[in-house]
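Okay, so here's the structure we're looking at.
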Number of protein chains: 2
Amino acid sequence: MPEKKKHDHSALVDMLHRELPDEEHLCDLADLFKIFGDTTRMRILYSLFESELCVCAISELLGMTQSAISHQLRVLKDNHLVANRREGKTIYYFLADDHVRKIIEQGYEHLTEEE
Amino acid sequence: MPEKKKHDHSALVDMLHRELPDEEHLCDLADLFKIFGDTTRMRILYSLFESELCVCAISELLGMTQSAISHQLRVLKDNHLVANRREGKTIYYFLADDHVRKIIEQGYEHLTEEE
DNA sequence: CGTTCATATGTTTATGTATTCATATGATAG
DNA sequence: CTATCATATGAATACATAAACATATGAACG
């Protein structure tokens, strides 16, 4: 039997290992928060709190190029945080889900209660 | 007076500009979510859901070097998501705030309701 | 159909950052 | 005060990614 040296946690570690959710779920969760973790995307999402907006309205509002906004809208759409509808040439984006609001509001609470 | 060309949103943009919270707040919010947006940090936080743990227990549990864990614990601590206490040579880390649980749970809900 | 407007996408570049490796701190025991 | 254990930190490297730029798609209109 192996000598027990130093700080030994094997029992605790074994137990917790059984309790932790799959790595995959935790990874998905991190990936979700990563989407919120960018100022441009956060500003876009916040813009859409009020109402749906077309791409060029968002560009003007945030003072950024249409390309930059389009790229980020794609990320948001791929992750089901926004959706869009077409009206002629114009495409309107809107929040896909009420969870988006809740997640952001929860984060906001953390910040404000901290100061 | 300037000719009105193309798609014009100036009125809408002006209005929304007044409604958007400061850039600073939105940036802070993105920075907060950025912390959750890393698999290692997410795994650490999840480990601490059960109970406080010392650094080397976390390292063993996640199968990562002590250094990597220490670096990430520093990020988490600087952002007030975890706190620690000393007991001799050992330092125990724990969740700093119940918001941490809530934010993660909210994200988890979004993921599960989606599939 | 060819032009124009709204949006999307591919590529490049610059910046941020997670991990590793080496080393430092700091507490305890002897 | 020296050795050892737990943890922290500094520097280097490797990888991810946001924005810019150029170009492509795709709808409407004459």
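Within every chain, numbering begins at 1; the chains are lettered A, B, ... in the order of the sequence lines, protein sequences first and strands thereafter. Since this is a predicted model, take the numbers as computed values, not measurements.
Here D:dT7 presents its P atom at 11 Å from CD of B:E87, a figure rounded to the nearest Å. Between the P atom of C:dT9 and the CG atom of A:L76 lies a distance of 14 Å, rounded to the nearest Å. For the pair A:I69 CD1 and C:dA8 P, the interatomic distance rounds to 11 Å; values are reported in whole Å. Between B:D31 atom CG and C:dG16 atom P there is a gap of 12 Å when expressed in whole angstrom units. Atom CG of B:N84 and atom P of D:dA6 are 17 Å apart (whole Å). Separating the CZ atom of A:R85 from the C1' atom of D:dA27 is a distance of 15 Å, rounded to the nearest angstrom. In this structure, B:I44 places its CD1 atom 11 Å from C1' of C:dA18, rounding to the nearest Å. As rounded to whole Å, 15 Å separates atom C1' of C:dT17 from atom CG of B:D78.
B:S70 comes within 4.0 angstrom of a base, heavy atoms only. Within the nucleic acid shown, B:Y93 comes within 4.0 Å of sugar-phosphate atoms alone, with no base atom in reach, counting heavy atoms only. Among the heavy atoms of the strands lying under 4.0 Å from A:T65 are primed sugar atoms or P, OP1, OP2 only; no base atom is included.
Closest approach to the A:K34 side chain among D:dA18, D:dA6, D:dT17 is made by D:dT17 (side chain taken as heavy atoms from C-beta onward). Side-chain proximity of A:H71 to the nucleotides D:dT7, C:dT11, C:dA6 is greatest for C:dT11. Out of C:dA8, C:dG26, D:dA18, the shortest distance to the side chain of A:Q66 is found at C:dA8. Of the candidate nucleotides C:dC5, C:dG10, D:dA19, C:dC5 has the atom lying nearest to any side-chain atom of A:K89.
A 6.0 Å sphere centred on CZ of A:R74 holds no more than 12 heavy atoms belonging to other residues, nucleotides or ligands.
With hydrogens and angles disregarded, no donor-acceptor distance shorter than 3.5 Å links the side chain of A:N79 to the backbone of A:L81.
Of the two residues near DNA chain D, B:L73 and A:T40, the one whose nearest nucleotide lies more 5' is B:L73. When each of A:M64 and A:H9 is assigned the nucleotide of DNA chain D with its nearest heavy atom, A:H9 is the one assigned upstream, toward the 5' end.
A salt bridge between A:R85 and A:E52 is present, with a side-chain N of the basic residue lying under 4.0 Å from a carboxylate O of the acidic one.
Under the 4.5 Å side-chain heavy-atom criterion for Ile, Leu, Val, Met, Phe, Trp and Tyr, A:M64 and A:L76 are members of the same hydrophobic cluster.
Of the N and O atoms on the side chains of B:D97 and B:H80, not one donor lies less than 3.5 Å from an acceptor on the other residue.
The side chain of A:R74 contributes no N or O atom lying less than 4.0 Å from OP1 or OP2 of C:dA8. In terms of phosphate contacts, A:R86 brings no side-chain nitrogen or oxygen within less than 4.0 Å of OP1 or OP2 of C:dT7.
On a pure distance criterion of 3.5 Å, a polar donor-acceptor pair joins the side chain of B:S67 and the base of C:dC21. Counting atom types as modelled, A:Q72 pairs no side-chain N or O with a base atom of D:dA18 as donor and acceptor under 3.5 Å.
For the pair A:R41 and A:F36, the cation-pi test (distance below 6.0 Å, angle within 45°) is failed.
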